[in-house]
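The structure under discussion appears below in the form of structure tokens.
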Amino acid sequence: MSIEPARTRIAPSPTGHMHLGTARVALYDYLLAKKTGGQFVLRIEDTDLKRTVPGAEQEIMDGLRWLGLQYDEGPDIGGPFGPYRQTGRRDIYQAHARILVDKGHAYPCFCTPERLEKVRQEQMKRKENPRYDGTCRVIPPVEAAKRVASGEAHTIRFKIPYEGATVAHDHLRGDITTENKQLNDQVILKTDGLPTYHLAAIVDDHEMQITHVMRGSEWLGTFPLHVNIVRAFGWEEPVWIHLSVFLKPSGKGKMSKREAAEAMKDGYSIFIKDMQDLGFTPEGVLNWSALMGWGVAEDDVMTVEQMIDRFTIDSLTPSPAAINFQKLDHFNATHIRLMRTEDLAARLKPYFTREGLSVKEDVLLRIIPLIRERLTTLDDCISFGAFFFKDEVTPNPEDLIAKGLDAKQSAEIARRAYQILGAGPDISHERCEPSMRAYVEESGFSANQVFGILRVAVTGQKVSPPLFESMEVIGRDVCLRRIENAIGILEKLPA
RNA sequence: GCCCCCAUCGUCUAGUGGCCCAGGACGAAGCCCUCUCAAGGCUUAAACGGGGAUUCGAAUUCCCCUGGGGGCACCA
């Protein structure tokens, strides 16, 4: 592993919600930068004005911060290589496009979109590869320059050699050789004067001194083009790493809008903002996504610190990875169990508040040990702990009847429990559990039946944290009142 | 259609010629623990896509096939 400080970048387009894939690339960028003592840069690629979505950029920045992947340079915090928003770098790209034209590596193209479309159609009809037909490539530079100077609308195209092949080196896949005749004279500067990705990314990565470019393997198709552009400028290439892509859970294809909506119904999402709302933790999301595309031999529950420690670009894997949400659950739950009580309390509080419950800090701290190991997502705290913060609970009458018993018997058990629990000055589980167990013993009912009735009476639900510990937190008076209420309900039921 | 990439349990992966009748994790099944639900402990089932070649020896190298993925825009 190189000990040279690496400069990495995440370069998302603000065209929609921040995606899981973006988060993972950002994580790897962050890990490599931290590991080598380098910098991690956020650059916003907003050159496609038509697709830019208001608020998307903010969502990216918020998402990265939520994940804890704080960048060292970026649009909102600046840095020595700014601006970090591509629309603010227009002049830089135009100057570089000009350099390419002057060096004979690019040329102005005056073809209209209509003509291009017509050519494409004809090529398709003839079963040829759709590609630029080279009409403007042969215009003498002097004439082209004249037409440009006269203000004629044009783009700039990069000139790919007709002969030979391009060998591009990817760190995970080795040399990738492509015949130049497979390549196309791509537009690098659009009519509106803004660059396409191909020019912008290459220029920026160089200007910002990026040493390692990690990006999705969907860029493999234009990789030879990018390498040609770098070489045309005479620049040194970064280390190229084309990461595996995420596939939908079935493994068949990328996640589509439809699948994303489907996942949302099950409480999962591939959008960072949603994951936050659904109760996933940054630790869980990071750990989970880190392992899709990175082979860690064993012990795969890791903090970010541990990831930094173990990360190497050599251990990245090139094959596509199917998303597995069950594994997300696992990592999320595991990290919740690893959290300090105070930390978890602080994270749970908003979910209770969101439900309209007013949270008492001391109670919250006391229920953490009771509910922690039962949480998969943070918002599970509602189903396991909401009753701690409610004045009253409303048990389903049916649920108050223990299995194998009738309402009358259940009411009797509740009455006895009321007496036993009310007999002492407190409702500590040290006192209550032995006495209730003694009652179970002498009554002949099962612990399941007796405790079940009590559970429903006190918590209002059939599934809850441990009964006696919960009652202790709820307090003697409230518990007795709830049991009394349950007795009332049971007595009204037909025997 | 053309081009590029990928290929180990259902899923994520370890594995760089012998240490592998292939290891870990999720999930699944069973058992234990148990006041519900979890958590935890133990156990089990589960894979080198197919065919050639190289080699004393191949999951590991090479070739072909097959399968999967991605790309072929004045989108990124």
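Naming: A, B, ... by sequence-line order, numbering from 1 per chain.
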Salt-bridge criterion met for A:Arg374 and A:Asp380 (N-O under 4.0 Å): no
Taking only side-chain N and O atoms of A:Thr317, does any of them lie within less than 4.0 angstrom of OP1 or OP2 on B:U13? yes
Which sits closer to the 5' end of RNA chain B, A:Glu128 or A:Arg51, going by the nucleotide each is nearest to? A:Glu128
Roughly how far apart, to the nearest Å, are B:A38 and B:G30 at atom P? 13 Å
Need to verify one output field. Residue with the more 5' nearest nucleotide on RNA chain B, A:Pro249 or A:Leu328? A:Pro249
Identify all pairs in which a protein N or O lies below 3.5 Å from an N or O of nucleotides 2-5 of chain B, and state each distance.
| from | atom 1 | to | atom 2 | distance (Å) |
| --- | --- | --- | --- | --- |
| B:C2 | O2' | A:Asn129 | ND2 | 3.1 |
| B:C2 | O2' | A:Gln182 | OE1 | 3.2 |
| B:C5 | O2' | A:Arg173 | NH1 | 2.3 |

Please give, in whole Å, the distance from B:A25 P to A:Met302 CE? 14 Å
Answer yes or no: is there a side-chain heavy-atom contact under 4.5 Å between A:His330 and A:Trp288? no
As a test of reading the structure: which of B:C74, B:C12, B:G40 is closest to the side chain of A:Arg337, going by heavy atoms? B:G40
Within 45° of the six-membered ring axis of A:Tyr162 and under 6.0 Å from that ring's centre, is NZ or CZ of A:Arg137 located there? yes
For the pair made of CD in A:Glu57 and P in B:A76, what is the distance, rounded to whole Å? 16 Å
Whole angstrom is fine here: how far is it from NZ in A:Lys248 over to P in B:G68? 13 Å
A:Cys111 near the nucleic acid: base, sugar-phosphate alone, or nothing, with a heavy-atom cut-off under 4.0 Å? base
Could you check whether the side chain of A:Thr196 and the base of B:C74 have a donor-acceptor pair of N or O atoms closer than 3.5 Å, going by distance alone? no
Out of B:U36, B:A14, B:G68, minimum distance to the side chain of A:Val463 belongs to B:U36
Proximity to the side chain of A:Lys254 - top-ranked nucleotide from B:G71, B:C26, B:U13: B:G71
Tabulated below should be each protein N or O lying under 3.5 Å from an N or O of nucleotides 33-35 of chain B; please produce it.
| from | atom 1 | to | atom 2 | distance (Å) |
| --- | --- | --- | --- | --- |
| B:C35 | OP1 | A:Arg437 | NH1 | 3.0 |
| B:C35 | OP1 | A:Arg437 | NH2 | 2.5 |
| B:C35 | O2' | A:Arg455 | NH2 | 3.1 |
| B:C35 | O2 | A:Arg455 | NH2 | 2.3 |
| B:C35 | N3 | A:Leu467 | N | 3.2 |

When you measure from the side chain of A:Asp48, which nucleotide among B:C74, B:C75, B:U13 comes out closest? B:C75
On the nucleotide B:A76, are OP1 or OP2 found under 4.0 Å from the side-chain N or O atoms that A:Lys190 carries? yes
To the nearest Å, give me how far apart CZ (A:Phe311) and P (B:U13) are. 14 Å
Nucleotide of B:A73, B:G10, B:A76 approaching A:Thr222 most closely (side-chain heavy atoms): B:A76
From the set B:C74, B:G69, B:A73, return the single nucleotide nearest to any side-chain atom of A:Pro320. B:G69
Among B:C74, B:A76, B:C12, the nucleotide that comes nearest once only the side chain of A:Met292 is considered: B:C12
Within 6.0 angstrom of A:Arg126 CZ, more than 12 heavy atoms from elsewhere: yes
